Amino acid sequence: MAEIVIVPSAAAAGELVAEEIVKLITARPDAVLGLATGSTPLPVYEALRPRLAGVDVSRVRGFALDEYVGIDPHHPESYRSVITKEVVEPLGLDPERIHTPNGALETISHAGEDYERAIADAGGIDLQILGIGTSGHIGFNEPGSSFASRTRVKTLIEQTRQDNARFFDSVDEVPMHCITQGLGTILEARHLFLLAFGEGKAAAVAGAVEGPVTSSLPGSAIQLHPHTTVVVDEAAASQLAHADYYRYAFANKPAWQGL
Ligand code: GLP
């Protein structure tokens, strides 16, 4: 099963994951990162900034999980813009090496295949950061997504559009379609880090970690992955039945094991 790490705060989670990313980039300067958008990964990017000062990041590569379809890439809420503002610029990454799925309507019929090819050409993703939606989605894989799915166009459920309306002027401006790495794509990344903070994520986290493996809760796909680390604060962990065991196991983790 996944390793569950319960931390006191989102900032502590950010530090923990940032340390792992720094170790990875130090060992492998052309590491391939799987980048997530949304509020959840922000503490990771913030913690990375001081830690990457003095580290050569010129060869680091990255792939975002998803993008809205039909949004102008220069729109401030396109995931291309968000990744540029939150990750590429503050961390000094090479924008040419950081990819987002192409949501342009003209090429959308083959954008999924193109993205899959680019990930394969890069040798796959070393470390994938994931948030989880209140519907249990990872990336934009809404309930019902196949565990074998690859990067493709999906229709957002109303709950997700409502959740993301805070980034737009109104819910009507949130695009209805997205292009997202599939669950099959995500499961091929070598190490998954699923992060969640706050009470609002507690049910999705409990379902993903301890519920049945079901496409009705796409985050439960992590149970099929051989190397997943779930990093949650106390509130997001509050519905986990075995939280005491996870704390005990982490506190007594052999030093040689690493995350
Ligand atoms: C968004 C993104 C996901 C993200 C999730 C949670 O819609 N497509 O990649 O993990 O929903 O967002 P947040 O971290 O803001 O709660």
Side-chain angles (χ1 to χ4, degrees), residues 7 9-11 13-14 17 33-47 62-71 75-83 85-87 98-103 112 115 125 127-145 149 151-168 171 173-183 185-187 189 192-209 217-222 228-233 235-237:
V7 291
S9 64
V17 179
L33 303 179
L35 302 166
T37 50
S39 323
T40 305
L42 295 179
V44 177
Y45 305 142
E46 275 159 30
F63 288 88
L65 278 170
D66 43 19
E67 178 59 288
Y68 292 112
V69 168
I71 196 168
H75 187 292
E77 294 308 330
S78 79
Y79 284 176
R80 177 82 221 169
S81 297
V82 171
I83 291 285
K85 186 167 89 84
E86 308 288 1
V87 186
I98 308 300
H99 309 272
T100 41
N102 185 351
Y115 205 60
I125 291 168
L127 186 157
Q128 176 67 57
I129 302 167
L130 295 169
I132 188 164
T134 52
S135 71
H137 71 233
I138 52 176
F140 266 141
N141 292 283
E142 297 286 24
S145 294
S149 53
T151 305
R152 72 228 183 278
V153 171
K154 289 289 286 180
T155 305
L156 296 174
I157 63 166
E158 202 45 39
Q159 178 66 53
T160 301
R161 294 183 71 228
Q162 295 284 356
D163 286 349
N164 288 3
R166 68 190 192 278
F167 298 115
F168 293 81
V171 69
E173 286 187 26
V174 183
M176 200 165 284
H177 296 101
C178 63
I179 174 167
T180 179
Q181 283 188 34
L183 294 175
T185 319
I186 292 169
L187 287 174
L192 304 180
F193 275 93
L194 175 73
L195 284 79
F197 311 120
E199 189 72 44
K201 298 291 174 75
V205 167
V209 172
L217 201 148
S220 66
I222 62 168
T228 297
T229 309
V230 175
V231 189
V232 287
D233 66 5

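Both ligands and their constituent atoms are indexed starting at 1 by order of listing. Keep in mind it's a predicted model, so treat the numbers as computed, not measured.
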Margin query: Would you call the rings of Tyr68 and Phe140 parallel, tilted or perpendicular, taking 30° and 60° as the class edges?
Written below: tilted
Note to self: Tell me if the aromatic rings of Phe167 and His75 count as close, with their centers under 6.0 Å from one another.
What the structure shows: no
Next item on the list: Please assess Asn141 against Arg152 for the test side-chain contact (heavy atoms from CB on, under 4.5 Å), listing each intermediate value before the final yes or no.
Entry: CA-CA 10 Å; Asn141 292 283; Arg152 72 228 183 278; 2.9 Å; yes
Next item on the list: Work out which heavy atom in Ala10 is nearest to a heavy atom in Pro43; give both atom names and the distance.
Entry: O-CB, 3.5 Å
Next item on the list: Give the protein residues with at least one non-hydrogen atom closer than 4.0 Å to an atom of ligand 1, ordered by chain and number.
Entry: Gly38, Ser39, Thr40, Asp66, Tyr79, Gly131, Ile132, His137, Gly139, Phe140, Asn164, Arg166, Lys201
Notebook entry, point to check: Which pair of heavy atoms, one from Val69 and one from Val153, lies closest together, and at what distance?
Noted result: CG2-CG2, 4.3 Å
Next item on the list: Start with the C-alpha gap between Asp66 and Thr37, add the side-chain angles, then the distance that decides, and say whether side-chain contact (heavy atoms from CB on, under 4.5 Å) holds.
Entry: CA-CA 8 Å; Asp66 43 19; Thr37 50; 3.7 Å; yes
